[in-house]
Protein chains: 2
Amino acid sequence: MSFPPRYRTPRARSRVEAAGAESRAKAVRAAVELFSTAGYRGASIALVAEKAGLSQSGLLHHFPSKAALLAAVLEHREAEDGRFLSGTDDRPPLGWAAFDALTGLVARNSNRPELVGLFVRLSAEATEPGHPAHAWLRDHYTSTQSWLTDAIRDGQHRGEIHPDAPITALVHLTVAVLDGLQQQWLLDPDDIDMVDEFTTFVSGLHSQWDTTPTTSSTA
Amino acid sequence: MSFPPRYRTPRARSRVEAAGAESRAKAVRAAVELFSTAGYRGASIALVAEKAGLSQSGLLHHFPSKAALLAAVLEHREAEDGRFLSGTDDRPPLGWAAFDALTGLVARNSNRPELVGLFVRLSAEATEPGHPAHAWLRDHYTSTQSWLTDAIRDGQHRGEIHPDAPITALVHLTVAVLDGLQQQWLLDPDDIDMVDEFTTFVSGLHSQWDTTPTTSSTA
DNA sequence: GTCTATAGCCGGATAGAC
DNA sequence: GTCTATCCGGCTATAGAC
């Protein structure tokens, strides 16, 4: 990552420091909310500050620039999701289990519109090379892709997934489905059940590439 | 649509009017380029004007506001794509042929990064109810969805598509794949061949729901 | 139809008091 | 750590000359 400074969570000393940490946390939460609706460009630090109960300069005391605030937001989100996909600290899910893990992620996202909005908007904005989250976005995609690629490859080696399955296409399509469903869901949450749709997609993959014809594995 | 005024292409009278039309067209082209990279919010009318070879006020003479410029851009794009999907003025493609038409659209988009960028960015921005393109975006999705829904339903009636095929899920997934592939392609055009990936997706649908087991229909 | 000039707002960021 | 005050720049939009 090529982001400005770092923001280590402090090791809690005096009462004063605790207050500072609190403000910082509130600011990040507020930033997530606003970036997720208005996007990075569309949300002003003044608004974020207000929502966090600080003045604009108060906020800028914790984050030297708007980009730095964004960096903190991204670290925060990344931490949450990363933890989620690697299971509970053991080895990452492999083979079809990886798709089940993704289904779980979709289910979780269905209850967190802010995170979905944040991601959808940043993905679109940060496609431009100059954007402060551009590097993050590339990292995000490549790591997701390699995570899923490894999982599928492993499934093939263990004879769970058909050896003819076109790995890179499956990876790209799966990621596309995830992103695309979020986009639609954001536009009209009532029109679409992301978990249902994604499950349908995955069972389609099963019916084509599963070596052990189980009708559905994700209940 | 709830957009401000209208911009009829003039019926070409005097030399003066011709010049005006020319400027207007140049402005729309420039706006497409800039909106497609920086987004609507991110691009300023001053920049659009410069790119079109006008002053900022000169541009605003043709379009009373920035939102009006956006409206013109959307009309322009909509016209192009609508024409494309309804074939050459005859009835819209039905059954599997609809998916072939979509493949054609993807192929065309592969050569028009500006249109893809425009759409990806606006889709993300305009998810917010307040955005000037919000109504357009909803229209766009619902009309695409109903177009594809009709096509699939017709394919079922003619016995070309299996009656158990889950229509709405297929529609949502197909749209998701289209959007998601564009997003990935925009981030790294060399990493992904949209036509290949989409074709793989469609042949997956065939293998699951085609009643006449032809291996591939999209070459 | 196109320009210059300008109003008026809002954005990010800095200086410095408390 | 938090505030007020302020600078500076960019933005949309308007007024009015040519």
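Here the structure is a predicted model, which means the values were calculated and not measured. Chain identifiers are assigned alphabetically (A, B, ...) following the order of the sequence lines, protein sequences preceding nucleic acid strands; residue numbering begins at 1 within each chain.
B:Leu70 places its CG atom 12 Å from the P atom of D:dT12, with the value rounded to the nearest Å. Rounded to an integer number of Å, the gap from CD of B:Gln56 to P of D:dG10 is 13 Å. If you take NZ of A:Lys26 and P of D:dG1, they are 15 Å apart, rounded to a whole angstrom. Between the CG atom of B:Leu60 and the P atom of D:dT14 there is a distance of 8 Å, given to the nearest Å. Look at CG on A:Leu59: it is 12 Å from C1' on C:dG12, rounded to the nearest Å. Put simply, CZ on B:Phe63 is 16 Å from C1' on D:dT12, counting in whole angstrom units.
The main-chain N or O of B:Tyr40 is never found under 3.5 Å from a side-chain atom of B:Arg121 such that the two would form a donor-acceptor pair. Looking only at distances, a side-chain donor or acceptor of A:Ser65 sits under 3.5 Å from a matching main-chain atom of A:Ala68. Judged by distance alone, the side chain of A:Lys26 and the main-chain N or O of A:Leu54 form no donor-acceptor pair under 3.5 Å. Counting only distance, with no hydrogens or angles, the side chain of A:Gln184 and the backbone of B:His172 share a donor-acceptor pair below 3.5 Å.
For B:Ala30 against B:Val48, the heavy-atom pair with the smallest separation is CB-O, 3.7 Å.
Between B:His61 and D:dT14 there is no side-chain polar atom (N or O) within less than 4.0 angstrom of OP1 or OP2. Contact annotation: A:Ser57 does not reach the phosphate of D:dA5 (side-chain N/O to OP1 or OP2, under 4.0 Å).
Distances were taken from every side-chain heavy atom of A:Lys66 (C-beta onward) to each of C:dG12, D:dT2, C:dC3; the shortest belongs to C:dG12.
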Pairs under 3.5 angstrom only: tabulate donor-acceptor contacts from the side chains of residues 31-39 of chain B to other protein residues two or more places apart or in another chain.
{"from": "B:Glu33", "atom 1": "OE1", "to": "B:Lys51", "atom 2": "NZ", "distance (Å)": "3.2"}
{"from": "B:Ser36", "atom 1": "OG", "to": "B:Val32", "atom 2": "O", "distance (Å)": "3.1"}
{"from": "B:Ser36", "atom 1": "OG", "to": "B:Glu33", "atom 2": "O", "distance (Å)": "2.7"}
{"from": "B:Thr37", "atom 1": "OG1", "to": "B:Glu33", "atom 2": "O", "distance (Å)": "3.4"}
{"from": "B:Thr37", "atom 1": "OG1", "to": "B:Leu34", "atom 2": "O", "distance (Å)": "3.2"}

Show which side-chain atoms of residues 106-116 of chain A pair as donor or acceptor with protein atoms under 3.5 Å away, not counting sequence neighbours.
{"from": "A:Arg108", "atom 1": "NH2", "to": "A:Asp81", "atom 2": "OD1", "distance (Å)": "2.3"}
{"from": "A:Ser110", "atom 1": "OG", "to": "A:Val106", "atom 2": "O", "distance (Å)": "3.0"}
{"from": "A:Arg112", "atom 1": "NH1", "to": "A:Glu80", "atom 2": "OE1", "distance (Å)": "3.3"}

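A donor and an acceptor atom never sit less than 3.5 Å apart when one is taken from the side chain of B:Ser65 and the other from the base of D:dT12.
Every side chain to side chain contact (heavy atoms under 4.5 Å, CB included) that A:Gln56 has, sequence neighbours left out, goes to A:Ile45, A:Ala46, A:Leu60. Checked against side-chain hydrogen bond (donor to acceptor under 3.5 Å, both in side chains), B:Glu125 has the following partners two or more places apart in sequence or in another chain: B:His131.
Residues from residues 31-40 of chain A placing a heavy atom under 4.0 Å of any atom in DNA chain C do not occur. For DNA chain D, the residues of residues 42-55 of chain A within the heavy-atom distance limit of 4.0 Å (strictly under) are A:Leu54, A:Ser55, sorted by number.
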